[in-house]
Amino acid sequence: MSSARSEATMADVAHRAGVSVSTVSRTLRGLSTVSDPTRARVEAAARELSFAITRSASSLVTGRTGRVAVLMPNLASWFLSSALSGMAPALREAGLDLLVYSVSDVHERADFFDRLPARRNADALLVVSFALTPAERARLDDLGMPLIFVSQHAPGRPSVYVDDEDAALRGTRHLLNLGHRRIAFLQTFDETGFAWSSKNRLAGHLRALADAGLEHDPSLVMSVPGWKGSGMATAVGRLMSLQDPPTALFAETDDLAFRLLAALRAANVSVPGQVSVMGFDDHVMAGVLGLTTLAQPAVELGRTAVRLTRSVIDNSDGAHERHIVLPTELVPRGSTGPPPAAGR
């Protein structure tokens with residue numbers, strides 16, 4: 001006689017909870033049509049019987065997978081990992097699984113858009129901080145699932161982002177109000193084409209200079225390699241050897257600003273005595289290092305993106321064309337001050 005225990009069925013859960021099989025199905029799929037007391041009884045019965053509905057079984061009934069996919073350049077940057085940390089618990093609370101596609105170089109990028117592994121594997125795709133080419137956007141349309149853009153504005157598509165241009169404009173105005181007139185802007189470049197915010201942040205910086213009646217000096221816009229190499233030391237050397245060097249440096253991100261601070265220290269350039277430094281993000285280390293920065297709510301961007309995604313999946317009115325802009329805030333710290341001449 002076999003002692004193997006047969007697996008519990010949905011009917012067993014329904015019998016124990018005193019509800020119908022359809023109510024068990026709705027409860028375990030996380031639908032909002034089930035009352036809280038009924039949901040509690042069904043979940044308790046399922047736990048007692050060690051029963052769990054599979055995603056594949058659920059998708060046969062609903063046409064949904066119960067998963068949300070995320071496409072992002074990498075998991076290494078503070079901003080991207082913070083946004084993801086906001087998404088994960090929000091998706092878990094919604095009963096949705098998270099599927100992450102990290103595409104960190106040109107080969108992985110080409111492979112992703114060639115194979116489209118997210119196809120049929122998720123109910124929606126969140127595109128996070130990813131500068132798509134027209135061909136890549138067309139390929140994502142082939143997925144046949146909703147696309148939600150995070151940390152970037154996508155005309156005609158649901159998106160959650162901050163106004164990078166306006167934030168950079170306010171950051172440059174802060175430096176102008178301190179008395180700076182020679183303000184350099186440092187941005188990253190790499191061969192992958194993942195830069196999504198440089199253009200808008202530079203536009204805001206230049207607009208603030210124009211509003212102040214200052215002529216744009218191309219020598220004060222410097223591009224450095226994304227993460228590695230000696231490019232930052234070279235950039236600092238070029239800027240500080242100009243006939244009229246800058247008195248303030250605005251870095252596109254806090255990560256870049258940290259590298260900038262290290263290069264200035266190595267060159268014996270005091271901050272903010274000789275030159276002021278500003279970043280963008282409010283990285284967790286910005287306060288420790290006394291970096292003036294533009295704070296953006298990275299975790300809240302992730303949470304908000306999940307709420308928007310749920311609305312899109314549920315076909316809520318207007319969700320497919322909704323744009324949510326979250327606020328940024330200037331956080332002045334010790335890395336900025338008046339230019340040296342102002343104290344003479």
Side-chain angles (χ1 to χ4, degrees), residues 71-74 77-84 86-87 126-133 137 147-176 183-190 192-212 216 220-224 226-227 248-260 277-284 286 291-305 308 322-332 336:
L71 172 65
M72 54 176 50
N74 62 71
S77 80
W78 171 85
F79 172 78
L80 292 172
S81 61
S82 296
L84 192 61
M87 293 176 191
L126 280 70
V127 182
V128 186
S129 303
F130 207 107
L132 297 172
T133 67
R137 188 173 296 236
L147 303 177
I148 295 88
F149 289 83
V150 186
S151 188
Q152 57 194 113
H153 173 65
R157 301 296 182 90
S159 50
V160 181
Y161 57 98
V162 301
D163 190 333
D164 286 301
E165 182 173 339
D166 177 73
L169 180 144
R170 289 185 286 110
T172 300
R173 279 181 181 167
H174 172 67
L175 296 172
L176 291 167
I183 305 172
F185 187 89
L186 285 87
Q187 58 189 355
T188 57
F189 74 86
D190 57 40
T192 61
F194 289 129
W196 72 95
S197 59
S198 293
K199 180 175 68 175
N200 292 334
R201 293 179 188 178
L202 177 58
H205 167 69
L206 296 179
R207 186 151 63 94
L209 296 180
D211 289 347
H216 170 46
L220 293 180
V221 176
M222 190 71 63
S223 295
V224 296
W227 296 99
L249 306 174
F250 189 168
E252 172 198 1
T253 67
D254 283 355
D255 285 318
L256 195 64
F258 298 152
R259 293 172 54 201
L260 175 58
V277 174
M278 172 181 287
F280 195 121
D281 277 338
D282 204 22
H283 187 292
V284 66
L291 177 67
T292 296
T293 190
L294 280 305
Q296 63 170 325
V299 174
E300 185 57 32
L301 275 167
R303 283 196 290 255
T304 303
L308 180 57
R322 189 177 177 194
H323 301 289
I324 302 174
V325 185
L326 297 186
T328 57
E329 182 180 358
L330 175 70
V331 184
T336 53

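Source: prediction; values computed, not measured.
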Thr293 and Ala286 have their tightest heavy-atom pair at CG2-CB, 4.5 Å
pair Gln152-Val127: side-chain heavy atoms closer than 4.5 Å: yes
For Thr336 versus Leu175, what's the shortest heavy-atom pair and its separation? CG2-CD2, 3.9 Å
Closest approach of Thr328 and Ala167, non-hydrogen atoms and distance? OG1-CB, 3.4 Å
Set out, in order, the CA-CA distance, both residues' side-chain angles and the distance that settles side-chain contact (heavy atoms from CB on, under 4.5 Å) for Met278 and Leu330, then state yes or no. CA-CA 10 Å; Met278 172 181 287; Leu330 175 70; 3.9 Å; yes
Do Pro297 and Val162 come close enough that some side-chain heavy atom pair is under 4.5 Å? yes
Between Met72 and Phe130, is there a side-chain heavy-atom distance shorter than 4.5 Å? no
So do Met87 and Val150 actually touch side chain to side chain, heavy atoms under 4.5 Å? yes
To the nearest 0.5 Å, atom CZ of Arg303 lies from atom CG of Leu308 at 15.5 Å
Just do the side-chain contact (heavy atoms from CB on, under 4.5 Å) check on Tyr161 and Leu326 with the steps written out, would you? CA-CA 6 Å; Tyr161 57 98; Leu326 297 186; over 6 Å; no
Measuring from atom OG of Ser82 to atom CG of Leu301, what distance do you get when rounded to the nearest 0.5 angstrom? 10.0 Å
Derivation of the side-chain contact (heavy atoms from CB on, under 4.5 Å) call for His205 and Ile183: CA-CA 9 Å; His205 167 69; Ile183 305 172; 3.7 Å; yes
Do Asp166 and Arg170 meet the salt-bridge criterion of a basic N to acidic O distance under 4.0 Å? yes
Flag the pair Leu132 / Phe149 as yes when at least one side-chain heavy-atom distance between them is below 4.5 Å, and no otherwise. yes
Could you check if a side-chain atom of Arg259 sits within less than 4.5 angstrom of a side-chain atom of Asp255, using non-hydrogen atoms only? no
Value rounded to 0.5 Å, distance of OG in Ser129 from CG in Leu71: 10.5 Å
Kindly assign one of parallel, tilted or perpendicular to the pair Phe280 and Phe250, based on the angle between their ring planes and the thresholds 30° and 60°. parallel
Can you name the nearest heavy-atom pair linking Ala154 to Arg137, along with the distance? CB-NH1, 4.1 Å
Polar side-chain atom of Arg201 near backbone of Glu252 as donor-acceptor pair, under 3.5 Å: yes
Between Gln187 and Ser223, is any side-chain donor less than 3.5 angstrom from a side-chain acceptor? yes
Is the backbone N or O of Asp282 less than 3.5 Å from a side-chain atom of Asp254, with the two atoms forming a donor-acceptor pair by type? yes
Got Leu202 and Leu206 here, is their nearest side-chain heavy-atom distance under 4.5 Å? yes
Interatomic distance, Leu294 atom CG to Thr253 atom OG1 [nearest 0.5 angstrom]: 12.0 Å
Side-chain heavy atoms of Asp281 within contact of Trp78, under 4.5 Å: yes
Quick one: pull up CZ in Phe79 and CG in Asn74 and give me the separation to the nearest 0.5 Å. 11.5 Å
How long is the gap from CG on Leu176 to CG on Asp211, to the nearest 0.5 Å? 9.5 Å
